[in-house]
Amino acid sequence: MLTDSTSPHLPNDSPLTMSPGFPNSDPPPDFGSHSDQAADKSSNLNAPSQQQGELFETAPPPWELAAQDDVALASIVFSEAPHGPYDYRIPDSMRDDLVAGMRVKVPLGRRKKPIIGWCTETKQGKAAHRSMRDIAEILDTEPLCDAALVRLVLWMSHYYQAPAGQVFDTLIPSSVRANAGTREKTYLLPSPMAKDDELVGSLPTKQQTALRFLIAAGRPMTSQQLSVVAECTQGPITQLRKKGFVQENVRREMNTPTSTRWQVDDGEVEVAHTLTDDQAQALSQVTGALDSGKGRTLLLHGVTGSGKTEVYIQAIEHVVKFGRGAIVLVPEISLTPQTRGRFERRFQSVAVLHSQMTPAERHFQWQRIRSGEVQVVVGPRSAVFAPMPHLGLIVIDEEHDGSFKQDTQPRYHARRVAYARAMSLNIPLVLGTATPSMESWHATATGRAELIKMPSRVGNRPMPDVQLVDLRVRDDRTAGAISRPLHTAVQQTLNENGQVILLLNRRGFATTIQCPACGYVVACPDCDMPLTHHRDGGKAVCHYCDYTIATPPWCPACRFDGIRYGGLGTQKLEVEVKARFPDAVVARMDSDTMRRPGSHQKVLSAFRAGKVNLLLGTQMIAKGLDFPNVLLVGVINADGALHFPDFRAAERTFQLVTQVAGRTGRGDRGGRVIVQTYSPEHPAIQAASRHDYELFAKGEMINRMKFNYPPLGSVARIIIRGVIEEVTEAIADSLLSRLEVARDTLGAEVRILGPAPPPITKLRGKYRFHLLLQSVDANHLGETIRRATKDFKIADKDDVQYVIDIDPMDML
DNA sequence: AGCACGCCGACT
DNA sequence: GTCGGCGTGCTC
């Protein structure tokens, strides 16, 4: 039986452990200490047996009492296996220098070379381990993470079940660890011997003059500099060093060339805009939260074009006034020169972090931020780790965006991490979006977040009109992908010299089974997921639970026998569009054509300049573009996103349609949107067509409730991949039984699904299976996985790997 | 991940 | 009898 979901040995007021957590998680059972014993305890949900365990663990056997001297110890973790933590003795000579957050070199096992590790904690040891070894070397003079960030690392390591060493490596850019763009410089100082006039007087003239110049300078100089001012060669200076008249002082410094690059080039300064009533109201709520000195989450729900950015900026100005800094997270795609310029013109000192930065620049910006001179950091998800010393506010723009979840280990969500960081520092977290994630929306309903509404556009521009085209209506259908009504609208817009955006959400691998006559989709009775058609064997499979049936030859709802399996590519659409509108200049934007860096910007500036009339592409054109001459947006097939085998499919569809609709109606000429669909009555599509988020959220929450999908419950996913299909599946099966055992011994309430083939069955030559775990309590879920995988070893010969994804954002 | 230990087969 | 195959286990 489960007694309590909060761990008894945790301080309950600790902000990172505030219960209930957000979005949808409970406190980490332990993040303060993570020695072996602590890990044992934390994997036990049952409080009474924990106390029992302590009886045995805290009393050392008598023969170890001799080793009980109080020694200085450091807990060290590694980014490579074995990840630790291991305890090392701190030699007396290092005792005052080692701080948590520094890197060290330590001996490990029978290795010849010492290994680099991270210090998570220094402590006074009582029960010394039987084979305690010494720290060999300290690599940093300053910790790379302050105490609060070390705590964040340990929390992330626990929550995402990733080795702490790996989390450190994620937090601290490799360029910082490698000291990119720096060089060791040797400075010269007069030594005590140089004070002895008699000795100095006995030196040869050149050496004497050089030394007198160095003394007169009154500051350390490089031998280069000294040779210039003293008008001599290196010779005399080398002699002075040899004879001991000068001391050497080695310092690591930034190379000069990069150190000016960050500066704003245009020097333009923008003043604060006059706020609309909505904006003023929103701002006062945010500043109120700032002044309260509490960790609070504010969801800023503002329609596209309502001016959220101006609210962020003025809130940050408020923070800056008090000498504190802010972090602004933006989706990868919207880190454009425009976004950057906007912040740079409003603040004296901005650090923009982006993916094209060189290692030296990245390192330089990191140092600037840590020095405290930066007021605002703008960047993608990793900017949540910016080492801002007096952080006062974190803003996440477009908080619903998928790019905030990292898809490699540690698979963290920047919103979840930002929440943990903000709450631990007692500062506000502002989440801004036109289409809140269900997680954030639910948080406002349960009181974990406060809702701020901005329902109208700046200048009171109307929202664009959204027209649904029912593809089931025979008269509107054509042989191609563009219906008659859409064709007419495109032609008309082009005739009026307007620009057109056509959105195709191609996710080719998902072959959902949909009836073209009535729109019916074949779904799994247990998971509510659309089944996916597999050509070989004519089977239809659920990617969550492996439920399988024979693909029905005709529609189960209306008995129509021309059932089809979705799928249309941008290339094919481009051909059709060019044939239909031969006079239009068409550009295509998708991951295939946008592979080269800069091509993105190139196409967009051509579109902005009006050289392109019709822009065709995937999701990437749905976000953030602001072109006043776009009078028509067409969504080729809204169902592609809608009937995707993912419980977030409806949410994605709503977001997609709403965001793409926001690309039009930004000028004086208004704008319209046409959405083609087989399911015009679907709540997500209906709500999007009316620009009614709350209508959507209400309906969607009921759907999520049926199966306890997030945000009502938690989900985790374990992906198992290997070269041999049978072996991979066998290991997935053994992991399943371990999970079941762990769940039952813990008495945890967790539903385990699979192993099932994920939508992407084979990736880079490896077969994949996945296990899905669901629970209303994130702790139960986490503990079950922790226990099941604790000593789970896969033999090398099997060549199978597994990955744990906590709060997965997709099921591919 | 290394690195050594150990337990079975083919060689001088 | 030894050299070496790689399966197994440990690293504070």
Side-chain angles (χ1 to χ4, degrees), chain A residues 30-43 56-58 60-61 63-95 97-139 150 153-154 157-158 161-170 174 177 408-410 721-724 727 730-731 734 738 789-804:
Chain A
D30 193 292
F31 66 85
S33 132
H34 61 168
S35 61
D36 290 354
Q37 295 94 321
D40 280 341
K41 276 184 258 170
S42 69
S43 65
F56 296 102
E57 283 159 17
T58 49
W63 57 86
E64 276 191 11
L65 284 175
Q68 280 237 332
D69 301 322
D70 250 23
V71 275
L73 302 177
S75 194
I76 308 297
V77 296
F78 307 105
S79 52
E80 292 149 36
H83 299 284
Y86 295 131
D87 284 346
Y88 286 83
R89 237 178 55 86
I90 308 172
D92 290 345
S93 61
M94 299 180 188
R95 187 160 313 183
D97 303 326
L98 185 61
V99 180
M102 288 181 176
R103 290 167 305 163
V104 292
K105 271 189 180 170
V106 291
L108 180 66
R110 298 179 238 272
R111 266 169 230 246
K112 291 182 190 104
K113 282 184 200 154
I115 178 171
I116 295 177
W118 293 89
C119 174
T120 59
E121 184 188 10
T122 57
K123 55 197 171 186
Q124 213 55 231
K126 287 182 214 121
H129 201 274
R130 71 191 136 71
S131 54
M132 190 77 60
R133 299 174 82 175
D134 279 7
I135 303 263
E137 191 189 338
I138 301 174
L139 292 176
V150 172
V153 167
L154 297 178
S157 165
H158 184 270
Q161 309 208 21
Q166 232 173 61
V167 180
F168 271 112
D169 281 5
T170 306
S174 55
R177 279 177 270 136
T408 55
Q409 269 203 330
R721 54 185 158 85
V723 182
I724 302 159
V727 175
I731 287 176
S734 73
R738 289 183 67 105
T789 55
K790 189 162 187 260
D791 299 305
F792 184 58
K793 292 254 153 51
I794 300 168
D796 291 353
K797 67 171 166 58
D798 288 339
D799 196 25
V800 172
Q801 293 82 246
Y802 71 95
V803 187
I804 300 166

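Numbers restart at 1 for each chain; the letters A, B, ... are given by sequence-line order, proteins then strands.
- A/R110 pairs by the side-chain hydrogen bond (donor to acceptor under 3.5 Å, both in side chains) definition with nothing, not counting sequence neighbours.
- Rounded to whole Å, the distance from CZ on A/F78 to C1' on B/dA1 is 12 Å.
- A/R89 is linked by a side-chain hydrogen bond (donor to acceptor under 3.5 Å, both in side chains) to A/D134, counting only residues two or more places apart in sequence or in another chain.
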Would you list the atom pairs, donor with acceptor, under 3.5 Å between side chains in residues 77-84 of chain A and any protein atom, with sequence neighbours excluded?
| residue | atom | partner | partner atom | Å |
| --- | --- | --- | --- | --- |
| A/S79 | OG | A/D169 | OD2 | 3.0 |
| A/H83 | ND1 | A/F78 | O | 3.2 |
| A/H83 | ND1 | A/E80 | O | 3.4 |

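- Here C/dC12 presents its P atom at 16 Å from CD1 of A/I90, a figure rounded to the nearest Å.
- The shortest distance between the side-chain N/O atoms of A/Y88 and the OP1/OP2 oxygens of C/dC12 is below 4.0 Å.
- Separating the OH atom of A/Y86 from the P atom of B/dA1 is a distance of 13 Å, rounded to the nearest angstrom.
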Please list, one pair per line, the donor and acceptor atoms closer than 3.5 Å that link side chains of residues 791-802 of chain A to other protein atoms, with sequence neighbours excluded.
none

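- Following rounding to the nearest Å, A/D796 (CG) and C/dT8 (C1') show an atom-to-atom distance of 10 Å.
- A/R103 places a side-chain N or O within donor-acceptor distance of the main-chain N or O of A/R177, the cut-off being under 3.5 Å.
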Per-nt protein contacts along nucleotides 2-9 of chain B (heavy atom under 4.0 Å; B base, S backbone sugar-phosphate only, - none) come out as SSS-----
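- A/D97 is linked by a side-chain hydrogen bond (donor to acceptor under 3.5 Å, both in side chains) to nothing, counting only residues two or more places apart in sequence or in another chain.
- Whole-Å rounding puts the A/K797 NZ to C/dT8 C1' distance at 12 Å.
- Taking atom NZ of A/K793 as the reference point, atom P of C/dT8 lies 13 Å away to the nearest angstrom.
- Rounded to a whole Å, the CD1 atom of A/I116 is 22 Å from the P atom of C/dT11.
- Regarding A/L108, its CG atom lies at a distance of 9 Å from the C1' atom of B/dA1, rounded to whole Å.
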